[in-house]
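Encoded as structure tokens, the structure appears first; notes follow it.
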Amino acid sequence: MLGLNFVTLVLLLKAGLALAVPSNHAVHEKRATIHPRWTKAQRVHSRSILPMRIGLAQSNLEYAHLHLLDVSDPDSKNYGKHWTSEEIIQFFHPSNETIETVRNWLVDSGITIDRIVHTDNKAWFAFDATADEAERILHTEYYEYEDSVTGGILPACEEYYVPIHVQKHIDYVTPGIKLLAPPNAPNSKHDLMRRTERKITPHKFYRPKGPIQFPSSSDLSKCDSTITPACVAALYSIPPAASSRKPNPSNVLGIYESEAQYYYQPDLDLFFSNFTPYIKNGTHPTVISIDGGPGPTNNTSEAGGEVELDLQLAYPIVYPQGISIYQEDDAIYELDPNQTYTYGFNHLLDAIDGSYCTKSSYGETGDDPNLDPIYPDPAPGGYKGKTQCGVYKSTNVISFSYGGQEAHVPWAYQKRQCDEYLKLGLRGVSFIFASGDAGVGNYPEPYSFDGPTGCLGPQGTIFNPTWPNNCPWVTNVGATKVYPGKTVFEPESAVFDPAGHPYHVNFSSGGGFSNVYTVPDYQKSAVDTFFAKHNPPYKSYSAIVNNTDLVGTLGSYGGIYNRIGRGIPDVAAVGDNIATYVGGEFGLSGGTSASCPIFASVVNRINEERLAIGKTPVGFLNAVLYKNPWVLNDITNGTNPGCGTDGFSAVQGWDPVTGLGTPNYPKMLALFLSLP
Ligand SMILES: *[C@@H]1O[C@H](CO)[C@@H](O)[C@H](O)[C@H]1NC(C)=O
Ligand SMILES: *[C@@H]1O[C@H](CO)[C@@H](O)[C@H](O)[C@H]1NC(C)=O
Ligand SMILES: *[C@@H]1O[C@H](CO)[C@@H](O)[C@H](O)[C@H]1NC(C)=O
Ligand SMILES: *[C@@H]1O[C@H](CO)[C@@H](O)[C@H](O)[C@H]1NC(C)=O
Ligand SMILES: *[C@@H]1O[C@H](CO)[C@@H](O)[C@H](O)[C@H]1NC(C)=O
Ligand SMILES: *[C@@H]1O[C@H](CO)[C@@H](O)[C@H](O)[C@H]1NC(C)=O
Ligand SMILES: *[C@@H]1O[C@H](CO)[C@@H](O)[C@H](O)[C@H]1NC(C)=O
Ligand SMILES: *[C@@H]1O[C@H](CO)[C@@H](O)[C@H](O)[C@H]1NC(C)=O
């Protein structure tokens with residue numbers, strides 16, 4: 001009798017709980033689907049302890065871009081007055097109202113104040129609660145979910161409720177509806193079920209047939225077949241850096257490297273002695289190791305084509321200024337041949353801004369254990385420390401010849417990261433990214449996850465914009481080429497090399513329109529003019545997608561490109577037939593991987609001149625460039641094929657192939673020196 005009564009009572013209570021969500025509460029998060037890797041198992045025991053985290057809504061995020069423009073718009077009286085990191089934390093941390101409201105809700109729900117921890121960066125509340133308590137506060141039921149891939153078990157619910165007046169103050173609650181692979185699951189980084197990709201902008205290196213005849217260091221007559229430092233300097237009118245002045249110690253150029261890209265000093269020396277005799281043998285970058293990122297290699301066959309291309313383009317422009325390489329992730333992660341575990345850049349951002357490590361937004365707090373490498377790395381030889389947070393001061397400019405496609409990167413992950421580029425822009429950092437090498441599309445399998453065409457939608461016809469280039473707060477660099485028979489004193493054209501001539505894949509300048517970000521104000525009139533004067537010959541759609549199923553959603557719109565998205569790229573630089581030494585051998589290399597460090601080096605040189613007269617670094621560039629397109633060489637010839645089309649056309653004014661054009665150093669310098 002007793003037993004039966006007890007059972008009945010419990011069942012009634014359960015039913016009562018589920019029904020009795022007070023009317024002043026609302027669903028805060030509800031899971032729509034569950035990945036087949038997860039199985040819902042038994043109810044979490046009522047006395048199990050759950051580590052509760054409540055992400056607080058940050059204030060002022062919606063106005064952040066106005067503040068960035070306030071310090072980077074050429075017409076603003078605050079141009080160049082960048083913020084300190086303390087000012088940024090103060091500005092964005094959750095408002096007192098948010099903190100009070102959420103704390104009062106918890107206290108009223110029976111979580112005494114002494115149990116609640118408020119984290120240092122003010123972004124979340126943490127407390128331990130029994131499952132019973134958590135269920136009562138959130139009007140939900142917690143179940144154990146089993147992960148078939150790792151064997152891990154996570155507590156989660158299907159939906160939860162919070163008071164309506166609290167909703168706008170909290171970002172999300174964990175444990176909640178999210179099912180993330182347990183961070184320490186041994187197999188999590190090799191989980192092939194994840195549809196992830198982090199692909200280096202492919203480095204294309206080939207050795208010309210026949211005896212190698214490379215131009216002497218000052219010969220400009222062969223720039224149509226071999227781009228040397230002299231060709232780059234002539235194209236963009238870059239004079240030798242002032243030798244009378246000591247390089248400013250605060251203006252070292254930053255270059256991001258990952259994926260086992262290690263430089264080999266003898267290659268740099270061979271390059272310097274053949275092409276830039278003014279650079280001393282032994283000149284080398286400082287490797288800033290992030291989470292165990294290794295230093296240079298002494299092994300010829302491990303010389304990294306990307307890092308050496310970057311250095312051999314940047315040194316001739318910035319020397320005697322130095323270069324720092326941000327080498328991200330330990331050798332185990334860098335070498336992961338399948339690259340199934342990660343997207344990248346978060347660990348660099350953690351290392352140069354400690355507040356990013358624990359920042360909550362769009363439902364993500366800190367790094368994503370499904371996508372970012374996890375430390376300490378249990379693998380033999382792995383980095384045994386914790387993820388590095390705020391240990392390095394950022395350089396003024398960082399060049400990134402890496403990226404992927406926006407459709408592959410979860411919406412929340414990329415939004416959170418893009419906000420960080422904005423915040424670091426407020427601090428005066430310029431982020432310069434290669435725009436991609438596959439025109440309006442992506443490389444088909446096996447280079448990508450986009451099927452046989454490398455493009456989106458059920459038929460694989462929709463253009464596939466690149467990431468993180470879609471973020472409005474970075475500067476993207478497309479690629480041009482000096483075609484055979486042309487000289488460096490004639491206009492360049494957008495690059496297109498069909499597969500086999502000479503690289504193994506088609507190469508065209510990454511460009512197009514984001515599906516995740518609307519066109520930013522600073523770019524709007526340039527994009528409007530492009531559509532008005534050079535309407536592309538394809539059916540379009542107008543949509544901004546904020547779910548993570550970018551691919552599925554886009555298929556339903558009709559049309560193959562977005563009419564209202566952020567345009568890519570912003571600028572361009574030469575990116576084909578680049579003379580390089582890799583592994584002791586001379587060859588030619590190409591990609592927007594080459595264009596990016598050229599443009600970044602030009603910006604670094606401009607910073608050097610501004611610093612010399614007591615001004616600040618330029619920081620976020622786009623607002624200035626779009627208002628002053630005359631400082632760039634407009635590129636008006638060529639296209640960026642992809643997705644079975646000719647892509648877009650380079651035309652007069654901005655275009656989604658070469659942006660505003662390639663640098664004219666004297667004009668850019670004069671403009672930036674004229675700004676406050
Ligand atoms: C928020 O609270 C802190 C300390 O509790 C106080 O110093 C600050 O002035 C408050 N800010 C506002 C805008 O009320
Ligand atoms: C610099 O190094 C290169 C490659 O090892 C070598 O060929 C060259 O002679 C060196 N130059 C000087 C001045 O030592
Ligand atoms: C490479 O060689 C240099 C000079 O011999 C040495 O100092 C350095 O430790 C070596 N690095 C590695 C990774 O072996
Ligand atoms: C050099 O690197 C290659 C490729 O990683 C490796 O096979 C070889 O054993 C290495 N050589 C030495 C001497 O470490
Ligand atoms: C890489 O992926 C292939 C299948 O695509 C698999 O056979 C191999 O084991 C994977 N390697 C690692 C190290 O995960
Ligand atoms: C490469 O470009 C050619 C046009 O020259 C095009 O026909 C072909 O489909 C492209 N290949 C891929 C894989 O996009
Ligand atoms: C997400 O997209 C929908 C439909 O386009 C829109 O109504 C909603 O405001 C968007 N939400 C966010 C957070 O951007
Ligand atoms: C225009 O670009 C094409 C390649 O797309 C090139 O063959 C041609 O020479 C260029 N024309 C001019 C005038 O630069």
Side-chain angles (χ1 to χ4, degrees), residues 58 60-61 63-73 78-93 121 123 250-256 288 290 324-326 328 343-362 364 366-367 372 387-400 402-403 413-433 467-477 517 520 522 566 570 596 599-600 603-604 607 610-611 616-625:
Q58 295 194 65
N60 296 321
L61 213 49
Y63 304 115
H65 68 285
L66 298 178
H67 290 278
L68 180 66
L69 293 176
D70 187 49
V71 298
S72 63
D73 187 296
N78 291 322
Y79 181 87
K81 292 186 184 154
H82 303 126
W83 296 16
T84 64
S85 50
E86 197 45 44
E87 283 170 332
I88 291 172
I89 291 175
Q90 279 305 321
F91 184 75
F92 290 105
H93 90 61
N121 74 339
S250 75
N251 195 41
V252 168
L253 172 67
I255 302 183
Y256 172 92
I288 299 182
I290 296 175
S324 282
I325 290 178
Y326 290 105
E328 189 189 79
Y343 288 114
F345 313 128
N346 269 356
H347 285 161
L348 166 71
L349 298 171
D350 288 336
I352 60 178
D353 175 11
S355 75
Y356 185 65
C357 287
T358 48
K359 190 195 137 182
S360 294
S361 50
Y362 309 102
E364 301 234 328
D367 293 333
D372 296 304
T387 300
Q388 290 181 295
C389 292
V391 293
Y392 300 121
K393 185 177 182 309
S394 176
T395 52
N396 299 326
V397 179
I398 309 182
S399 174
F400 297 76
Y402 291 75
Y413 186 98
Q414 54 179 296
K415 293 287 263 194
R416 177 176 177 276
Q417 190 173 91
C418 179
D419 285 353
E420 182 66 9
Y421 295 124
L422 191 164
K423 284 187 185 176
L424 289 168
L426 273 170
R427 261 163 65 176
V429 181
S430 307
F431 290 96
I432 318 277
F433 278 88
W467 167 87
N469 313 87
N470 56 352
C471 175
W473 316 121
V474 304
T475 300
N476 299 305
V477 192
Y517 288 93
Y522 66 75
R566 188 259 201 267
D570 301 298
C596 183
F599 199 87
V603 175
N604 197 260
N607 281 341
R610 277 181 57 92
L611 290 167
T616 53
V618 293
F620 177 61
L621 290 157
N622 299 7
V624 173
L625 298 179

| In a check of side-chain contact (heavy atoms from CB on, under 4.5 Å) between Cys596 and each of Ile432, Thr475, Asn476, which one passes? |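 Filter result, single survivor: Ile432.
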
Quick one: [atom1] on [X] to [atom2] on [Y], what's the gap to the nearest 0.5 Å?
| X | Y | atom1 | atom2 | value |
| --- | --- | --- | --- | --- |
| Leu69 | Asn78 | CG | CG | 12.0 Å |
| Leu349 | Tyr256 | CG | OH | 9.0 Å |
| Ser72 | His82 | OG | NE2 | 7.0 Å |
| Ile290 | Glu328 | CD1 | CD | 6.0 Å |
| Asn469 | Arg566 | CG | CZ | 8.0 Å |
| Ser430 | Phe599 | OG | CZ | 9.5 Å |

With a 4.5 Å limit on heavy-atom distance, are the side chains of [X] and [Y] in contact?
| X | Y | answer |
| --- | --- | --- |
| Ile352 | Tyr326 | yes |
| Trp467 | Gln417 | yes |
| Asn396 | Leu611 | yes |
| Phe92 | Leu426 | yes |
| Thr395 | Leu253 | no |
| Asn251 | Pro617 | no |
| His65 | Pro520 | no |
| Asp367 | Thr387 | yes |

| request: Identify the two heavy atoms, one from Gly403 and one from Pro468, that lie closest to each other, and give their separation to 0.1 Å. | output: CA-CD, 4.3 Å

| field | Atom of Arg416, atom of Tyr356 and distance for their closest heavy-atom approach | value | NH2-O, 2.6 Å

| request: Show your reasoning for whether side chain to side chain contact (heavy atoms under 4.5 Å, CB included) applies to Val624 and Val618. | output: CA-CA 9 Å; Val624 173; Val618 293; over 6 Å; no

| message | Donor-acceptor pair, distance only, cut-off 3.5 Å: does the side chain of Tyr522 make one with the backbone of Asp73? | response |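 The answer is no, because no donor-acceptor pair under 3.5 Å joins these two groups.
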
| Aromatic plane relationship, Phe400 with Phe345 - under 30° parallel, 30 to 60° tilted, over 60° perpendicular |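 Perpendicular: the ring planes of Phe345 and Phe400 meet at over 60°.
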
| request: Return the orientation label for the Trp83 and Phe91 ring planes: parallel under 30°, perpendicular over 60°, tilted otherwise. | output: perpendicular

| query | Which one of Tyr421, Tyr79, Trp473 satisfies the ring pair (Phe, Tyr, Trp, His ring centres under 6.0 Å) criterion with Phe620? | reply | Trp473

| Given Ser85 and Arg427, is the side chain to side chain contact (heavy atoms under 4.5 Å, CB included) satisfied, shown in steps? | CA-CA 7 Å; Ser85 50; Arg427 261 163 65 176; 3.6 Å; yes

| message | For a quick check under 3.5 Å, do Asn346 and Tyr413 share a side-chain donor-acceptor pair by atom type? | response | yes

| task | Go through the steps to decide whether Thr616 and Arg610 satisfy the test side chain to side chain contact (heavy atoms under 4.5 Å, CB included), and finish with yes or no. | result | CA-CA 6 Å; Thr616 53; Arg610 277 181 57 92; 3.4 Å; yes

